[in-house]
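Chain A is the first sequence line, chain B the second, and so forth, proteins listed ahead of strands; every chain is numbered from 1.
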Amino acid sequence: KGGSEPHDEL
Amino acid sequence: MNIFRLAGDMTHLFSVLVLLLKIHTIKSCAGISLKTQELYAIVFATRYLDIFTNHISPYNTIMKLIFLGSSFSIVWYMRYHKIVRRSYDKDQDTFRHYILILPCLILALLINEKFTFKEVMWTFSLYLEAVAILPQLVLLQRTRNIDNLTGQYVFLLGAYRALYIVNWIYRYFTEDHFVHWITWVCGLVQTLLCADFFYYYFQSWKNNMKLQLPA
């Protein structure tokens, strides 16, 4: 998929 | 989750623990900027709006709760605890919040990944986190005499974002996942703001001397 969503970091 | 991300999270966690240790056991918050702590409370409150709707893993949820709980309790201690608040360097900690909050909010409204409430708030939290250390750095500069725990706190806090950058590079090459350029820029700014502090931190460590920032 790529991209930064959903945000899985803190 | 890779080793760099885990190391970054642990560094972040330790920075909070060091600060809580100082406040809880020594009952002192000398050298700690309440302005920076309040900014972090805002950062976590606006970033983790998705805490109950966007489930990633138990690890993520627990860490979010820890960062939210610790940041608000540190602010509470510094403002209201009858012993701790006496050690707060109020007259030295004069950085004004809104000088940082307002531009970050405007920037988040203008430059974001998606114009939705949650995304704008998430972007705002990134912008604010990048500069939230500034009141603390100003206070360190003024206080001059920095105790060990305060020095370690700022060091760990700076190291955490540097490790996250390594994590993003690692993820870029090993996973399909890449973080948005906004995140990159904010992470870089945040780390670079600490670069000067890192330099003096390592100097004092190398020479086995007390950490002091130049006037």
Which bit of [X] comes within less than 4.5 Å of chain A, counting heavy atoms only: side chain, backbone, both or neither?
{"X": "B:W168", "result": "side chain"}
{"X": "B:N60", "result": "both"}
{"X": "B:Y164", "result": "side chain"}

| So does B:F14 have more than 12 non-hydrogen atoms from other groups sitting under 6.0 Å from CZ? | no
| Audit row: B:D50, B:T53, side chain to side chain donor-acceptor pair (under 3.5 Å) steps and yes/no | CA-CA 5 Å; B:D50 64 352; B:T53 53; 5.8 Å; no
| said: Among B:L17, B:I23, B:L19, B:T25, which residue satisfies the side-chain contact (heavy atoms from CB on, under 4.5 Å) criterion with B:L21? | reply: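 By the side-chain contact (heavy atoms from CB on, under 4.5 Å) criterion, B:L21 pairs with just one of B:L17, B:I23, B:L19, B:T25: B:T25.
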| Minimal non-hydrogen separation, B:G187 against B:I165, with atom names |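 Looks like O-CD1, 3.6 Å.
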